[in-house]
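Following: one structure in structure tokens, then a few remarks.
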Amino acid sequence: MFSKLTILRFKKLLVIFKNWHLLQVFIKYKVLAAVEHKNILSKEIKTLIDIGANRGQFSLAAISKKPNINIFAFEPLQRPAIIYKEIFRNNNKVKIYDYAIGDEEKTMNMNLSSKDDSSSLLKIAK
């Protein structure tokens, strides 16, 4: 029996195979656009703030739905941020900042997970 995660990945692949740019990104960088957020992206949005942008999964979904959207992304982990920058290098509507966002200015340690998109300033739970 298929798990919910397997079904979600299959749905993502169907959407990606219909969009040449998303397919190219997937082949080159192994990044799947977060197309499961279509309800949020159906709203009238002109600017997106992508906190914890990782490799750009949500930003990719936003750009594919709204090509003229302005995106301000924040990703403190170096490796995912490098991939993000490479994916969006030719899009002047997308800006990425290599730090985390919080309610006060201070230096903190990231709690790194085996999957970088699960890393957090918060303690990682089981």
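Just so it is clear, the values below take in all heavy atoms, side chains as well, and ignore hydrogens, waters and symmetry mates. Numbering starts at 1 and runs along the sequence shown. Just so it is clear, the structure is predicted and the values come from calculations on it, not from any experiment.
With a 4.5 Å cut-off on side-chain heavy atoms, Val25 and Phe88 do not count as touching. Side-chain atoms of Arg55 and Leu60, non-hydrogen and from C-beta on, never get closer than 4.5 Å to each other. Residues Asp98 and Gln78 fail the side-chain proximity criterion, which asks for heavy atoms closer than 4.5 Å. Looking only at side-chain heavy atoms (C-beta outward), Phe26 and Leu13 come within less than 4.5 Å of each other.
Closest approach of Leu77 and Pro80 over heavy atoms only: O-CD, 3.4 Å. Between Ala33 and Leu22, the shortest heavy-atom contact is CB-CD2, 3.8 Å. In terms of heavy atoms, Asp50 sits closest to Ser59 at OD2-OG, 2.7 Å. Of all the heavy atoms in Val35 and Ala61, the pair that sits closest is N-CB, 4.1 Å.
Under the 3.5 Å distance criterion, the side-chain polar atoms of Lys66 are matched with a main-chain donor or acceptor of Lys43. Between the side chain of Gln57 and the backbone N or O of Leu32, no donor-acceptor pair lies under 3.5 Å. Not one N or O on the side chain of Glu104 forms a donor-acceptor pair closer than 3.5 Å with the backbone of Gly102. Side-chain N or O atoms of Lys85 include none that pairs as donor or acceptor with a backbone N or O of Ile96 at under 3.5 Å.
Between the CD atom of Gln24 and the CD1 atom of Ile87 there is a distance of 11.5 Å, given to the nearest 0.5 Å. The distance from atom NZ of Lys93 to atom OG1 of Thr47, rounded to the nearest 0.5 Å, is 8.5 Å.
Ile71 and Ile51 are not part of a single hydrophobic cluster, where members link through side-chain heavy atoms under 4.5 Å apart. The hydrophobic clustering, which links ILVMFWY residues whose side-chain heavy atoms are closer than 4.5 Å, places Ile16 and Tyr84 together. Taken together through direct or relayed side-chain contacts under 4.5 Å among Ile, Leu, Val, Met, Phe, Trp and Tyr, Leu8 and Phe58 form parts of separate hydrophobic clusters. Under the 4.5 Å side-chain heavy-atom criterion for grouping Ile, Leu, Val, Met, Phe, Trp and Tyr, Ile49 is connected to Tyr97 within one hydrophobic cluster. In the hydrophobic clustering of ILVMFWY residues, with side-chain heavy atoms under 4.5 Å counting as a link, Ile101 and Leu48 come out apart.
Here Ile27 pairs with Leu23 under the side-chain contact (heavy atoms from CB on, under 4.5 Å) rule; sequence neighbours left out.
Using cut-offs of 30° and 60° for the angle between ring planes, the Phe74 and Tyr99 rings count as tilted.
Remark: the Ser64 side chain and the Asn19 side chain contain no N/O donor-acceptor pair separated by less than 3.5 Å.
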